[in-house]
Amino acid sequence: MSAKKTQEISYDFQSIEEKWQARWQNAASYRVNIDKERKKYYVLEMFPYPSGRIHMGHVRNYSIGDVVARYKRLRGYNVLHPMGWDSFGLPAENAAIKNNTHPARWTYENINYMRRQLRQLGLSYDWDREIATCNPKYYRWEQQIFLEMYEKGLVYQKNTTVNWCESCHTVLANEQVIDGICWRCDEPVEARNMNGWFFKITDYAEELLEDLDQLSGWPDKVVTMQRNWIGKSTGLQCDFDVEGIDKKLSIFTTRPDTIFGVTFMSIAPEHPILDALLQNNPKENEVREFTKRTITEKQQQSNKDVIEKEGIDTGRFCVNPFNGQRIPIYVSNFVLMEYGTGAVMAVPAHDQRDFEFAKKYNLAIKAVVMPKDTDLDGKAMEEASILPGILHHSGIFSGIKSNEAQQKIIAHAQTNGYGEAKTTYRLRDWGISRQRYWGAPIPMIQCNICGVQPVPVDQLPVTLPEDRDSQQNDCTPLHQRSSFIETNCPKCGNKAKRETDTMDTFVESSWYFARYASPRFTNSPLNKEEASHWLPVDQYIGGVEHAILHLLYSRFFTKVLRDLGYLSIDEPFTNLLTQGMVIKDGSKMSKSKGNVVDPSDLIDEYGADTTRLFSLFAAPPEKDLEWNPKGVEGCHRFLNRIFRFVQTLAPASSIEKIRKPDEFNKTERELHRKIHQTIKKVTNNIEYNFHFNTAISAVMELFNTLTSLYGTTSKKEEAVNSVVIEAVETILILLSPMVPHFCSELWTNIHGDESSIESRSWPRWIEEATQEEELTIVVQVRGKVRSRIQVPADIDNARLEHIALQDENVLKFIGDQTIKKVIVVKKKLVNIVI
RNA sequence: GCCCGAAUGGCGGAACUGGUAGACGCAAGGGACUUAAAAUCCCUCGGCCUCUGGCUGUGCGAGUUCGAUUCUCGCUUCGGGCACCA
């Protein structure tokens with residue numbers, strides 16, 4: 001459809017939207033400061049990466065947030081609603097290389113463009129608080145937090161196997177590897193040995209897990225995902241003596257009750273004890289060959305495929321401390337060095353994986369836990385039995401129930417000094433080193449004399465070098481820039497080298513929500529007073545794809561910042577709304593699929609208000625939104641209908657027919673009732689479940705009622721009365737969080753240019769006014785609807801039953817059969833059972 | 001494999017605590033206005049039948065109940081998460 005054609009049928013959204021955006025900007029309408037008189041409300045949408053242009057996912061996310069912000073303001077809250085840019089990251093480097101420019105330039109150009117797009121949407125942000133994470137004024141504080149964490153022992157460096165993405169040319173955190181694939185570029189990730197910096201998120205594993213219980217305002221799904229990700233298991237860590245060497249083999253098990261069923265031992269190919277085991281061992285070459293092959297296979301294999309279970313006998317034995325039994329030690333390809341102790345006690349009778357392994361290598365299977373009324377025989381078993389039961393063949397523990405035996409066996413090991421209760425987590429420490437240019441430099445120095453030294457806080461920020469002599473792109477990694485590397489040791493003053501890794505961009509987004517409380521503060525990362533006033537975020541809104549990554553890291557940082565004395569809260573986000581994706585033609589909108597709808601085109605054609613309205617109307621926020629261009633037109637038509645109606649309405653001040661409820665005629669009563677029913681419905685929809693789609697439907701119904709009672713324009717004489725004005729005002733206020741320009745404009749049409757809809761407060765419904773005078777009662781015979789009867793609302797059940805039983809149609813269905821029972825549901829229905 | 005979630009007209013989606021299934025919108029069909037079209041307005045719109053009425057219908061199969069989209073059990077399909085986790 002051409003713009004011209006649309007113009008003919010539309011209200012002049014372009015000039016209206018420009019007018020109101022200018023007003024809001026000039027008056028700084030959404031600037032916010034601490035106000036002790038009013039309750040605070042902090043609503044935040046996940047800030048965007050400045051990729052170039054706003055997409056429909058952003059429009060949806062920010063429209064939802066803006067409704068919440070505007071609604072809360074009308075409810076009298078002092079609302080903090082900030083916006084900023086998650087502006088470090090790889091795409092900037094790629095674009096810089098492609099266009100021969102500097103990533104900073106590309107990034108800031110994008111920010112400027114996208115800020116303009118957001119303003120065009122009429123989003124009510126406090127732009128004075130805008131931050132960009134690539135600005136040294138932001139990452140300087142991040143470097144300081146890093147140093148304070150280092151001092152607290154929460155940062156360390158280690159050489160370890162890391163996830164390397166060759167296509168992004170950098171290391172990735174575990175959370176950024178999805179099914180063995182890089183979260184950003186979809187290329188497979190390889191294992192590599194490298195030196196890198198880590199945050200000790202595992203120190204907070206228990207608290208991160210426990211506090212999930214507090215997050216009643218989060219979707220269960222996200223809480224569950226985090227719980228699984230942290231992956232806590234409790235059990236026994238137990239030492240087995242190894243025959244012939246002076247070393248112990250330590251295992252971890254969640255099933256200590258099966259320890260008398262151990263028939264072999266599986267250790268990881270990387271296990272450090274292996275060297276000792278292979279000394280003077282005739283099988284050395286054979287075993288070494290196996291481990292070498294397995295390790296290579298593991299590195300090549302993406303962790304998605306389950307590889308065939310394989311193992312090799314080392315020819316060595318260890319001893320079960322509980323019964324002195326000799327146990328062969330195998331190296332197995334499925335044992336992970338990173339989890340537990342890298343060694344597993346194998347109980348084939350009660351673990352399916354061990355069972356298969358035992359069958360393959362013809363190892364003994366010994367059943368020790370007998371489920372109720374069974375007597376398992378290891379030789380005859382066809383699969384492992386994982387059910388609880390009574391312990392057999394288990395020495396002094398025989399006869400005890402398996403769940404009780406767990407604690408007793410752990411206690412026994414503890415008393416005898418060969419084991420203890422142990423908790424392990426799946427969660428790994430967060431590797432934050434990135435070998436890329438466009439990120440916050442890690443503020444550390446390597447001195448040959450003094451070792452690793454932190455950059456003194458008064459020397460912050462360590463800024464990215466910008467040798468912009470040439471017009472060339474400038475993304476050379478830091479380790480290739482001698483001018484950056486060379487420095488002096490802060491301790492001894494001799495020549496030393498700077499750390500050349502930059503921080504994972506998820507570090508920036510882990511605390512930005514706190515910085516918004518005092519974005520220009522220059523004494524420390526956070527102004528404690530401001531932070532304690534505004535935080536936690538009352539409502540956080542964003543895509544579910546961040547369920548683990550960003551949301552887990554932010555929770556971790558909140559606890560760290562608390563322990564560093566900056567925050568007084570335990571959890572950053574009280575309520576979380578995860579919105580669904582925007583779908584077109586069955587798949588997510590993306591450039592590669594060529595199914596993107598550019599929000600700017602929509603704004604040009606229909607205006608920001610229609611664009612916002614549709615994104616809210618088409619589906620409830622947590623569901624995926626199917627894009628339907630015709631649906632947009634439907635929303636546009638709805639606004640046009642209201643516009644036309646209000647255009648023909650006389651100014652409120654000229655209304656002479658001011659009526660009080662007790663003077664209402666039937667039509668006025670009906671409209672008045674609908675007004676209050678709508679206020680109730682919309683308020684509940686926004687307040688409790690963010691179902692904006694049904695909120696909008698309710699307003700549509702109110703408008704439909706209005707026009708069916710008074711005609712599609714209000715030219716008629718009788719339309720000019722106070723109830724009609726109330727209806728229109730209600731429609732405008734209820735819709736104003738969703739279509740703010742439109743409602744602001746029409747409000748001034750009714751009340752004059754000085755009047756502002758935003759200074760009004762959200763309407764309250766009168767419960768009494770929502771009550772129907774007459775009810776439609778359904779009459780069922782044997783559960784089937786046979787008739788509907790109109791009765792006064794205050795009818796009692798006996799009278800209702802009486803009327804129902806006289807209904808002609810009902811009598812027809814009862815015929816000459818006897819009535820067994822009559823069920824009357826107050827104000828709803830009568831069911832006659834025959 | 002384990003753990004979550006979902007399934008309702010041609011489509012997006014409604015339905016409070018077990019009580020009128022399909023609100024609202026889109027699409028479609030018919031009509032009014034118009035020289036005509038667009039826009040606007042009005043009507044119809046789950047399926048079937050013997051059509052002022054009736055039967056049937058919320059993924060499938062059972063169950064509880066006077067009554068089930070809603071609760072229970074067993075499946076199917078789709079989506080999401082975790083996955084040699086010891």
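Order of the sequence lines sets the chain letters (A, B, ...), proteins ahead of strands, with each chain counted from 1.
Using a 4.5 Å cut-off on side-chain heavy atoms (C-beta onward), A:Met700 and A:Arg641 make no contact.
B:G22 and B:G10: their C1' atoms are spaced 14 Å apart (whole Å). Here the separation of B:A21 from B:G57, taken at their C1' atoms, is 9 Å to the nearest Å. Rounded to whole Å, the P atom of B:G59 lies 16 Å from the corresponding atom of B:A15. The gap from the P atom of B:A14 to that of B:U8 amounts to 12 Å, rounded to the nearest Å. Spacing between B:U35 and B:G30 at atom C1', rounded to whole Å, works out to 22 Å. When the P atom is used for both B:G19 and B:G29, the distance is 38 Å, rounded to whole Å. B:G13 and B:C24 have their C1' atoms separated by 8 Å, with the value rounded to a whole Å. Comparing the same atom, C1', in B:G25 and in B:G9 gives a spacing of 14 Å after rounding to whole Å.
Counting any heavy atom pair closer than 4.0 Å across all strands shown, A:Phe614 reaches no nucleic acid atom. A:Val822 comes within 4.0 angstrom of no nucleic acid atom, judged by non-hydrogen atoms across all strands. Residue-level contact check: A:Arg786 touches the backbone only, with heavy atoms under 4.0 Å from sugar-phosphate atoms and none from bases.
In this structure, A:Glu622 atom CD and B:G79 atom C1' are separated by 15 Å, rounded to whole Å. Between the P atom of B:G79 and the CE atom of A:Met581 lies a distance of 11 Å, rounded to the nearest Å. A:Asn689 places its CG atom 10 Å from the P atom of B:A14, with the value rounded to the nearest Å. Here B:U40 presents its P atom at 14 Å from CD1 of A:Ile642, a figure rounded to the nearest Å. As a whole-Å value, the separation of A:Lys784 NZ from B:G53 C1' is 15 Å. As a whole-Å value, the separation of A:Asp624 CG from B:C78 C1' is 12 Å. Between the CG atom of A:Leu212 and the P atom of B:C4 there is a distance of 16 Å, given to the nearest Å. Residue A:Gln406 contributes atom CD, which lies 12 Å from atom P of B:A86 at whole-angstrom precision.
Between atom CG of residue A:Asn809 and atom CD1 of residue A:Ile789 there is a gap of 11.5 Å, rounded to the nearest 0.5 Å. In this structure, CZ on A:Arg255 lies 10.0 Å from CD1 on A:Ile409, to the nearest 0.5 angstrom. For the atom pair NE2 (A:His636) and CG (A:Leu602), the distance works out to 11.0 Å, reported to the nearest 0.5 Å.
When the side-chain nitrogen and oxygen atoms of A:Ser233 are compared with OP1 and OP2 of B:A86, one or more of them lie within a distance under 4.0 Å.
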Determine all donor-acceptor pairs shorter than 3.5 Å in which one atom belongs to a side chain in residues 332-343 of chain A; sequence neighbours excluded.
from	atom 1	to	atom 2	distance (Å)
A:Ser332	OG	A:Ser266	OG	3.0
A:Asn333	OD1	A:Glu310	N	2.9
A:Asn333	ND2	A:Glu308	O	2.8
A:Tyr339	OH	A:Ser233	OG	2.9
A:Tyr339	OH	A:Thr424	OG1	3.0
A:Thr341	OG1	A:Ser250	O	2.6
A:Thr341	OG1	A:Ala343	N	3.4
A:Thr341	OG1	A:Ala343	O	3.3

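Side chain of A:Lys221, nearest nucleotide from B:G80, B:A86, B:U40: B:G80. With B:C85, B:A86, B:A14 as the choices, the nucleotide that has an atom nearest any side-chain atom of A:Pro620 turns out to be B:A14.
Between A:Lys812 and A:Ala343, it is A:Lys812 whose nearest contact on RNA chain B lies nearer the 5' terminus. Taking the nucleotide of RNA chain B with the nearest heavy atom to each of A:Met345 and A:Val833, the more 5' of the two is matched to A:Val833.
Taking the ring centroids of A:Phe264 and A:Phe357, they lie under the 6.0 Å cut-off.
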Discussion item. For A:Gln226 and A:Leu208: C-alpha separation, side-chain torsions, deciding distance, then whether side-chain contact (heavy atoms from CB on, under 4.5 Å) applies.
Written reply: CA-CA 9 Å; A:Gln226 293 218 354; A:Leu208 286 167; 5.9 Å; no

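Looking at residues two or more places apart in sequence or on another chain, you find a ring pair (Phe, Tyr, Trp, His ring centres under 6.0 Å) between A:Phe742 and A:Tyr11. Looking at residues two or more places apart in sequence or on another chain, you find a side-chain contact (heavy atoms from CB on, under 4.5 Å) between A:Glu701 and A:Lys674. With sequence neighbours excluded, the residues satisfying ring pair (Phe, Tyr, Trp, His ring centres under 6.0 Å) with A:Tyr553 are A:Trp430, A:Phe506.
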Worksheet item: According to the Watson-Crick and G-U wobble definition with distances under 3.5 Å, which dot-bracket string, read 5' to 3', encodes RNA chain B, using [ ] for crossing pairs and | for pairs with another strand?
Response: (((((((..(((......[....))).(((((.......))))).((((...))))..(((((..]....))))))))))))....

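B:G9 adopts a syn glycosidic conformation, its chi angle falling within 90° of 0. For B:C51, the O4'-C1' to base torsion is within 90° of 0; the nucleotide is therefore syn.
Between A:Asp220 and A:Arg227, no side-chain nitrogen of the basic residue sits less than 4.0 Å from a carboxylate oxygen of the acidic one, so the salt-bridge criterion is not met.
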Are there any protein N/O atoms within less than 3.5 Å of an N/O atom in nucleotides 18-25 of chain B, and if so, which ones and at what distance?
from	atom 1	to	atom 2	distance (Å)
B:G19	N2	A:Gln780	OE1	3.4
B:G19	N2	A:Asn831	ND2	3.4
B:U20	O2	A:Arg788	NE	2.8
B:U20	O2	A:Arg788	NH2	3.2
B:A23	O2'	A:Glu701	OE2	2.8
B:G25	OP1	A:Asn704	ND2	3.3

